[in-house]
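Reminder, nothing fancy here: chain letters follow the sequence lines and each chain counts from 1. Just so it is clear, the structure is predicted and the values come from calculations on it, not from any experiment.
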Amino acid sequence: MGLKVYNSLTRNKDEFEPIEAGRVGMYVCGPTVYGHAHLGHAKSYVSFDVLARYLRYLGYNVTYVQNITDVGHLTDDADEGDDKIVEAARKEKKHPMALAEYYTRSYFEDTDKLNCVRPDISPRASGHITEQIELVQTLLDKGYAYEVNGSVYFEVAKFAEYGKLSGRNVDEMQAGARVEVSEDKKSPADFALWKKAEPNHIMQWPSPWGRGYPGWHLECSVMSMKYLGATIDIHGGGLENQFPHHECEIAQSEAANGAAFVKYWMHNNMVTVDGQKMGKSLNNFITLKQAFSGAHERLTRGYDPLAIRQLILNSHYRSPLDFSDAALFAAQSGYEKISEAVKAIRKRLGEAGEGEADEKIVDELTALTERFQTAMNDDLNTSVALSVIFDLVRLAGRVLEGGKATAGTLNSVDRLFRELGGDVLGVVKDEYEQAGSGDEARTDAVVRILIEQRAEARRNKFFAKADELRDKLDEAGVVLEDTPDGTEWRWK
RNA sequence: GGCGGCGUAGCCAAGAGGACUAAGGCGACGGUUUGCAAAACCGUUAUUCGUCGGUUCGAAUCCGACCGCCGCCUCCA
């Protein structure tokens with residue numbers, strides 16, 4: 001059985017078949033860089049990162065494009081209001097491009113920590129103004145758009161299929177919508193392709209219709225077309241962008257090209273914090289940097305970025321995910337459990353003698369791999385895939401327990417951790433930091449002196465003294481573990 | 001007002017008509033191990049899937065009503 005993905009367009013789990021055999025072009029809506037990325041971004045980027053990783057695991061040659069929106073995203077979807085970047089730049093007293101650059105770097109910093117593989121291309125909207133103007137001109141030439149006072153709008157009435165993705169009927173929507181209608185538009189549903197810029201507007205470019213800037217929806221059409229062709233395999237993004245953003249992309253692209261825009265539309269569900277929508281006004285808005293450091297009043301501690309990644313993968317990408325301190329804490333424990341198992345296997349691997357892999361173990365590993373693939377093939381059921389990793393952890397524990405596992409067996413276990421846990425899910429690292437460099441080495445030396453003191457006390461059966469040392473180290477954040485090979489320590 | 005989703009153990013979360021007397025994680029508890037711990041391993045922890053009805057030989061899974069929660073249609077991934 002091959003991969004099936006839920007296609008928002010067909011509202012069905014469709015068999016995945018790329019347009020061109022062996023190659024996949026995927027485009028995912030990226031950040032508007034006017035602030036630090038938050039937990040909501042993380043769910044989207046991690047979800048699609050796993051999709052790209054799994055497609056590669058299956059052997060596809062994937063080209064992953066994700067835009068960086070640095071112009072054109074207005075604070076108001078009724079095509080009024082200011083550009084988000086410009087507004088934020090004004091507040092931070094920076095040039096808009098400096099602000100965009102700052103938050104673009106911040107975005108990559110955070111997604112790198114989440115172990116998201118970088119997109120192959122991260123095109124900037126501001127770098128594709130020429131192409132955007134060309135698309136607007138094409139739409140005008142074909143009669144799908146009209147110009148009013150230096151702005152150009154897409155005439156939704158001309159595109160009969162408008163609404164096919166989101167299942168909305170434009171006429172029915174008008175009644176209760178609170179969208180204020182611009183006087184320039186023929187219909188409230190029409191959307192801006194190009195906006196006229198006032199003379200003092202910082203970001204503006206010359207165009208056939210005067211100086212202005214592109215509408216937000218335009219960039220995704222233009223950049224996906226430019227790098228992936230008129231029809232792409234997968235377009236991903238957050239559910240909240242299904243309407244109007246993606247609907248508008250379809251209208252522009254298909255009207256201009258006369259060809260289907262996207263074969264598989266995939267949408268990830270939203271994030272809540274403590275059961276409520278995350279919003280700046282609710283005081284539950286948590287950025288990734290805050291989640292990593294713990295600098296937020298809703299959090300009791302900082303969390304490992306990969307623990308956050310694991311929490312995201314613990315539920316399905318199409319299910320809503322609630323971030324709470326308790327959920328993060330549980331994910332952190334679970335993440336550490338996996339890490340410790342991988343480290344233990346690799347440590348033993350360094351000491352194990354040569355030997356073929358145990359056939360029984362190999363059979364079990366094969367069964368686990370099959371379960372993993374079946375789960376992932378079913379619209380990326382990462383929750384079950386992750387449970388397979390935990391079964392692998394238990395298997396690893398059993399393998400180590402006997403003390404006489406061969407290098408072959410240990411290698412097989414480690415390889416599965418690397419392929420499934422690492423390459424696909426991204427929660428197992430290739431290398432784990434080892435104590436032994438810089439400050440860590442000095443700390444290690446000091447802790448070892450205390451460990452030796454305790455060992456001395458234990459040898460002499462002064463257990464009270466030994467326990468006191470252990471308790472005090474614990475208070476200082478150092479946990480001791482007595483193993484057959486001596487005492488190890490780690491940070492609490 | 002229009003559209004959509006969800007409600008599974010103390011918590012997080014899979015499962016979507018019969019292999020379910022319901023995965024996995026966290027937590028808790030018991031055992032092995034330990035001087036005692038920690039870690040690891042083994043085991044226990046939902047006779048039941050919001051409530052009430054219906055369809056069916058069979059329902060957590062389908063249908064209906066009701067209750068509760070959440071989201072989109074404004075900013076937001």
Trainee: NA contact type, A:Arg458, heavy-atom cut-off 4.0 Å: base, sugar-phosphate, or nothing?
Mentor: base

Trainee: May I ask you to say what A:Gly397 touches in the nucleic acid, namely base, sugar-phosphate or nothing, with a heavy-atom cut-off under 4.0 Å?
Mentor: sugar-phosphate

Trainee: Do any side-chain nitrogens or oxygens of A:Ser324 fall under 4.0 Å of OP1 or OP2 in B:C11?
Mentor: no

Trainee: With heavy atoms under 4.0 Å as the rule, sort A:Val393 into base, sugar-phosphate or nothing.
Mentor: sugar-phosphate

Trainee: Between protein and nucleic acid, restricted to nucleotides 23-25 of chain B and to nitrogen or oxygen atoms under 3.5 Å apart, what atom pairs and distances do you find?
Mentor:
{"residue": "B:A23", "atom": "N1", "partner": "A:Ser383", "partner atom": "OG", "Å": "3.1"}
{"residue": "B:G24", "atom": "N2", "partner": "A:Asn314", "partner atom": "ND2", "Å": "3.3"}
{"residue": "B:G25", "atom": "OP1", "partner": "A:Arg394", "partner atom": "NH2", "Å": "3.0"}

Trainee: For the residue pair A:Arg118 and A:Phe108, would you count it as a cation-pi contact if the rule is NZ or CZ under 6.0 angstrom from the ring centre and within 45 degrees of the ring axis?
Mentor: yes

Trainee: At 4.0 Å (heavy atoms only), tell me whether A:Ser166 reaches a base, stays on the sugar-phosphate, or touches nothing.
Mentor: nothing

Trainee: Counting only Watson-Crick pairs (N1-N3 plus N6-O4 or O6-N4) and G-U wobbles (N1-O2, O6-N3), all under 3.5 Å, who is the partner of B:U51?
Mentor: B:A65

Trainee: Is the distance between the ring centroids of A:Tyr227 and A:His128 under 6.0 Å?
Mentor: yes

Trainee: Does NZ or CZ of A:Lys94 fall inside the cone over A:Tyr102's six-membered ring, less than 6.0 Å from its centre and within 45° of the axis?
Mentor: yes

Trainee: Could you give the CG-to-P distance, from A:Asp322 to B:G5, as a whole number of Å?
Mentor: 20 Å

Trainee: Just to be sure I understand the geometry, which residues of residues 465-479 of chain A put a non-hydrogen atom under 4.0 Å away from RNA chain B?
Mentor: A:Asp467, A:Arg470, A:Val479

Trainee: Using a heavy-atom cut-off of 4.0 Å across all strands, would you classify A:His38 as base, sugar-phosphate, or nothing?
Mentor: base

Trainee: May I ask you to say what A:Arg454 touches in the nucleic acid, namely base, sugar-phosphate or nothing, with a heavy-atom cut-off under 4.0 Å?
Mentor: base

Trainee: Which nucleotide, in any strand shown, forms a Watson-Crick or G-U wobble pair with B:C29, with both distances under 3.5 Å?
Mentor: B:G43

